Amino acid sequence: MGVGRKKSSWFDEESGYLVRPYAISGGRTSPEGSDFALITLVVAMPASRTLDRRREQPELTAILDLTQERPLAIVEIAARLDLPASVVKVLCGDLLDKSMIAVKKPSHEASAPSVELLERVINGIRRL
Amino acid sequence: MESAGYSQQGGSQLAMPTALKILIAGGFGVGKTTMIGSVSEVPPLETEEYMTQASVGVDDLAQIPEKTTTTVAMDFGRITLDTEHVLYLFGTPGQERFWFMWDDLAAGALGAVVLTDPRRLADSFASVDFFEQRQIPFAIGINCFYGRRECTAEEVNAALNLRNPAPVVMCDVRERESSKRVLLALLESAKTVAIG
Ligand SMILES: Nc1nc2c(ncn2[C@@H]2O[C@H](COP(=O)(O)OP(=O)(O)O)[C@@H](O)[C@H]2O)c(=O)[nH]1
Ligand SMILES: [Mg+2]
């Protein structure tokens, strides 16, 4: 425990492990109206390869490493880094500000999907 | 802030796929994770999310006094549908009381599967209410644990007292083909809604 016991405003007595993820995002969780949804896709920009990694938070470079080859959703990054999704959203916000990633929001159409979109999903599942 | 797809800056010409999602709801132990695993191209992954008191209803607050933050776990899988679409399946969090308040999970879902153990039909009432209220299309999967058909689709529709009949599919979600049938029933039903 040691370090983790340090009292702070976001320390949760019952589940002390909350401390670490909160600390990683500087105590921030994703703000209201965050630009990131659970399935927002994230991919590292080529420019991120030339980033001076020693100067960056390890979690930020871990996200860049994970998304170098292909886009991953916020939840996939969260699961692989063992961080809550809301913390990953904050970190990705930082990366977006630095132009280190490109993101794609989920379809606007999804809550009222067109017949065409639904047929594409149907065909994709049939092919499984 | 505009963030549409891979930006061209830096030279990547690839278009990013669009992500879609379907929810898999149902009581504890009803087979949600099993269903996700049967169709996902990756083994189901699990992640956690914070739920703060602010998003919890008054009734629930009374039951978790002096707690500012709780975590809900959810699992999910991925299906690449075609070059432009990737579908995520989300198992709803274990604490059934909480996930209803979790807008990010429900927002923009194509639809939902409510998995049901026919011996514990009442476990699915809350999920059914939720999707009916939000007008999210759903299908009911009856997980026939003992290989017996313990009820008919008509009986399930009657017991759930559905506003509009939902597809009811008998399934064994350990089998990919069976899980696919449930998903396809949901999507065909959503298509009927879309046609109007
Ligand atoms: N016989 C049978 N067992 C199942 C079926 N689906 C799930 N199970 C078993 O039921 C248990 C709970 O399933 P799980 O997917 O973890 O449930 P969850 O809590 O809804 O995610 C596991 O041991 C599964 O192997 C099914 O269709 N038939
Ligand atoms: Mg499960």
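Order of the sequence lines fixes the chain letters, A, B, ..., with proteins taken first and strands second; residue numbering starts at 1 for each chain. Because the structure is predicted, anything quoted here is derived from the model rather than measured.
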Legend entry - Distance in Å, A/Leu38 CG paired with B/Met74 CE, rounded so as to fall on 0.5 Å steps: 4.5 Å

Inset, instruction - Hey, could you give me the CD/CD distance between A/Glu119 and B/Glu188, rounded to the nearest 0.5 Å? - result: 8.0 Å

Legend entry - Interchain contact, B/Ala109 with chain A, by part (heavy-atom threshold 4.5 Å): backbone

Legend entry - Proximal component of B/Val42, with respect to chain A [non-hydrogen, under 4.5 Å]: neither

Inset, instruction - Please report the C-alpha distance between A/Val75 and B/Phe90 in whole Å, then the side-chain angles of each, then the deciding distance to 0.1 Å, and finally whether the side chain to side chain contact (heavy atoms under 4.5 Å, CB included) criterion is met. - result: CA-CA 10 Å; A/Val75 274; B/Phe90 283 89; 3.7 Å; yes

Inset, instruction - Pick one of side chain, backbone, both or neither for B/Ile195, based on which atoms fall under 4.5 Å of a heavy atom in chain A. - result: both

Inset, instruction - Using non-hydrogen atoms and a 4.5 Å limit, figure out which bit of B/Gln135 sits close to chain A: side chain, backbone, both or neither. - result: neither

Inset, instruction - Measure across B/Pro17 and A/Leu41 and return the closest heavy-atom pair with its distance rounded to 0.1 Å. - result: O-CD1, 3.2 Å

Legend entry - Options B/Arg176, B/Lys180, B/Glu46, ranked by heavy-atom pairs under 4.5 Å with chain A, top entry: B/Lys180

Legend entry - Point-to-point distance, once rounded to the nearest 0.5 Å, from CG of B/Leu187 to CD1 of A/Ile125: 5.0 Å

Legend entry - Minimum-distance pair of heavy atoms, taken over all atoms of A/Val115 and B/Ala194: CG2-CB, 3.9 Å

Inset, instruction - Find out if a path of hydrophobic residues (ILVMFWY) with successive side-chain heavy-atom gaps under 4.5 Å connects B/Leu110 to B/Tyr88. - result: no

Legend entry - Residue pair A/Leu117 / B/Leu20, side-chain heavy-atom distance below 4.5 Å: yes

Inset, instruction - Supply the atom-to-atom distance A/Asp82 CG to B/Glu48 CD, rounded to the nearest 0.5 angstrom. - result: 7.5 Å

Inset, instruction - Provide the closest heavy-atom pair for B/Thr47 versus A/Ala79 in the form atom of the first, atom of the second, distance. - result: OG1-N, 3.8 Å

Legend entry - Distance, nearest 0.5 Å, that separates CG of B/Leu45 from CD1 of A/Ile77: 12.0 Å

Legend entry - Contacting moiety of B/Arg78, where chain A heavy atoms sit under 4.5 Å: side chain

Legend entry - Closest contact, heavy atoms only, B/Lys191 versus A/Ile122: CD-CD1, 4.1 Å

Inset, instruction - Can you tell which part of B/Leu87 gets under 4.5 Å to a heavy atom of chain A, answering side chain, backbone, both or neither? - result: side chain

Inset, instruction - Show your working on side chain to side chain contact (heavy atoms under 4.5 Å, CB included) between B/Leu81 and A/Arg120 and close with a plain yes or no. - result: CA-CA 8 Å; B/Leu81 294 169; A/Arg120 292 185 73 155; over 6 Å; no

Legend entry - Electrostatic pair A/Arg127-B/Glu41, nearest N-O below 4.0 angstrom: no

Inset, instruction - Name the member of A/Glu76, A/Arg80, A/Arg126 that forms the most heavy-atom pairs with chain B at distances under 4.5 Å. - result: A/Glu76

Inset, instruction - For chain A, find which of B/Leu184, B/Val86, B/Thr192, B/Thr80 contributes the most heavy-atom pairs closer than 4.5 angstrom. - result: B/Leu184

Inset, instruction - Report the C-alpha separation of A/Lys104 and B/Glu84 in whole Å, then their side-chain angles, then the decisive distance to 0.1 Å, and conclude whether the salt bridge (Lys or Arg N to Asp or Glu O under 4.0 Å) test is met. - result: CA-CA 12 Å; A/Lys104 173 102 175 249; B/Glu84 291 160 37; over 6 Å; no

